[in-house]
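Any value given below was found using the heavy atoms of this structure, including those in side chains, with hydrogens, waters and symmetry copies removed. Since this is a predicted model, take the numbers as computed values, not measurements. Ligands are counted one by one from 1 in listed order, and the atoms in each one are counted from 1 as well.
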Amino acid sequence: MSVLVFVENIEGVFKKSAHEVVSYAKAIANTINQPLVALSIGDVKDENLKGLSKYGANRILTANSDKLKSFVNQAYASIIEAAARQENSSIVVLSNSFSGKGLAPRLAAKLVAGLANGVVELPTIEGSILRVKKTAFSGKAFAVTELNSAVKVIALNANAFELRESPVDAEIVAFENQPSPDDFATVVKEIIRATDKVSLPEAEIVVSGGRGLKGPENWGIIEELAEALGAATACSKPVSDAGWRPHAEHVGQTGIAVSPNLYIAIGISGAIQHLAGISSSKTIVVINKDPEAPFFKVADYGIVGDAFEIVPKITAAVRSY
Ligand code: FAD
């Protein structure tokens, strides 16, 4: 038996979240004393694949063909299913990324597996029962889910687990299984990147602005602080609804869920629907001129005051650091 981890690449490169899922899956594999098999789909060079062994992958399967260069949900799910069956995997781990959110339930259905998605911690495993903490109700709460199926699928949130190096010698093996033509009924023709800046779902630091910023012309103070910190920028829903910022930056129940190490909320009231998207953040800093703003209740650090005075001072301090 084995633990299988599906490792996503972006244009042939594994991002930090990919190495996080391998570290996480390795910790599970060690707990249940099974080897860790990593599966990569798409065109990734051997030297990048080999890097997965640094985080403990014992075997690295690589499935590649022209049709698999872009993410295709059905086809990718079919390949992961075939790999899980071939490797007799009891647990399949993948990232709860944009692609992973679509893949995980499809894969669980194919494998007749129990599914825990939005997972934020290592599970406890007793016999065939696995218990794990995950986000629930669109991120408004946490729940402990119990899986007792023979095969289990876990989708891990970005930034929820630290990188852990545990180098092993790994072999790279071509995985020849080809999906059926039906799996390509829907394909991605073109990917248009909204921005070249730090990717929001994976960002370790997020600087986020709300309606308190008054208008798009004032977003410079958010961008300057983000640039100084190497952070991604985000916003509340009314801000993107008003067209001040792109919808891709909208965080919350109806937007993107983030789990950075540091979330800085500037001029955002802290409505439950916004908090839903940030509940897994490790440290929350709130800047708001209203001391009664609900956001302060979940803040680790709060500054009561005018964002237009405070934010440039923080940016200057970060730059001089
Ligand atoms: P406001 O509520 O207007 O708050 C602005 C804040 O800025 C205030 O707290 C104010 O004190 C502060 N402020 C003003 N001036 C300054 C200043 N100079 N310096 C510092 N602080 C200042 N919202 C989301 O964000 N994400 C979602 O996914 C989402 N989904 C929703 C889904 C549903 C079904 C519904 C009904 C609502 C949803 N909302 C969502 C909207 C949500 O309820 C709030 O209306 C929204 O989050 C408020 O945005 P805001 O905090 O930017 O604006």
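Per-residue contacts place G255 under 4.0 angstrom from the following atoms of ligand 1 (heavy atoms of the residue considered): 28 (O). Of all atoms in ligand 1, numbered sequentially from 1 with element shown, those under 4.0 Å from a heavy atom of V251 are 24 (C), 25 (O), 26 (N), 27 (C), 28 (O). Every atom of ligand 1 is numbered from 1 in the order shown, and the set under 4.0 Å from a heavy atom of G210 is 52 (O). Taking a cut-off of under 4.0 Å to the non-hydrogen atoms of F308, the atoms of ligand 1 that pass are 18 (N).
Taking 4.0 Å as the cut-off, G305 counts as a neighbour of ligand 1 on heavy-atom distance. For the ligand labelled ligand 1, residue N288 lies inside the 4.0 Å heavy-atom shell.
Two residues are said to be in side-chain contact when any heavy atoms from C-beta on lie closer than 4.5 Å; K54 and H19 fail this criterion. Annotation: side chain of Q34 is not in contact with side chain of I91 (no heavy-atom distance under 4.5 Å). Side-chain contact between E81 and L107 is present, with heavy atoms from C-beta onward closer than 4.5 Å. Residues K140 and L275 fail the side-chain proximity criterion, which asks for heavy atoms closer than 4.5 Å. Inter-residue side-chain proximity for N73 and Y76 is flagged as unmet; no heavy-atom pair is nearer than 4.5 Å.
For atom 4 (O) of ligand 1, the closest non-hydrogen atom on the protein side is S269 CB, 3.4 Å. Looking only at heavy atoms of the protein, atom 3 (O) of ligand 1 is closest to R211 NE, 2.9 Å. For atom 47 (O) of ligand 1, the closest non-hydrogen atom on the protein side is A271 CB, 3.8 Å. Counting only heavy atoms of the protein, atom 50 (P) of ligand 1 lies nearest to S236 OG, 3.6 Å. Nearest protein heavy-atom neighbour of atom 48 (C) of ligand 1: P238 CG, 3.7 Å. Looking from atom 30 (N) of ligand 1 to the surrounding protein, the closest heavy atom is T254 OG1, 2.8 Å. With respect to atom 18 (N) of ligand 1, the closest heavy atom belonging to the protein is D306 OD1, 3.0 Å. K214 NZ, 2.9 Å is the protein heavy atom nearest to atom 15 (N) of ligand 1.
Counted within 6.0 Å of NZ on K16, heavy atoms from surrounding residues, nucleotides or ligands total more than 12; the atom is thus considered enclosed.
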Evaluate the salt bridge (charged side-chain N to carboxylate O under 4.0 Å, His left out) criterion for residues E126 and R131: first the C-alpha distance (whole Å), next the side-chain angles of each, then the deciding distance (0.1 Å), finally the verdict. CA-CA 9 Å; E126 287 164 35; R131 288 186 195 87; 3.5 Å; yes
Would you check, one step at a time, whether the test side-chain contact (heavy atoms from CB on, under 4.5 Å) holds for I79 with L68? CA-CA 10 Å; I79 294 174; L68 295 171; 3.5 Å; yes
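Heavy atoms of L213 found under 4.0 angstrom from ligand 1: none, in either backbone or side chain. Looking at F295 against ligand 1, nothing comes within 4.0 Å, counting heavy atoms.
Of the listed residues (G212, P294, A257), the one carrying the non-hydrogen atom nearest atom 16 (C) of ligand 1 is G212. For atom 7 (O) of ligand 1, the choice among A307, G267, G277 with the nearest heavy atom turns out to be G267. Relative to atom 20 (C) of ligand 1, the option among Q273, Q253, K289, H250 with the closest non-hydrogen atom is K289.
Between E8 and K15, no side-chain nitrogen of the basic residue sits less than 4.0 Å from a carboxylate oxygen of the acidic one, so the salt-bridge criterion is not met. At a threshold of 4.0 Å, the pair K289-E309 does not count as salt-bridged, since none of the basic side-chain nitrogens sits closer than that to a carboxylate oxygen.
Of all heavy-atom pairs spanning A203 and A232, the tightest one is CB-CB, 3.6 Å.
For atom 42 (C) of ligand 1, a protein non-hydrogen atom is found at a distance below 4.0 Å.
Between the side chain of S259 and the backbone N or O of A158, at least one donor-acceptor pair lies under 3.5 Å.
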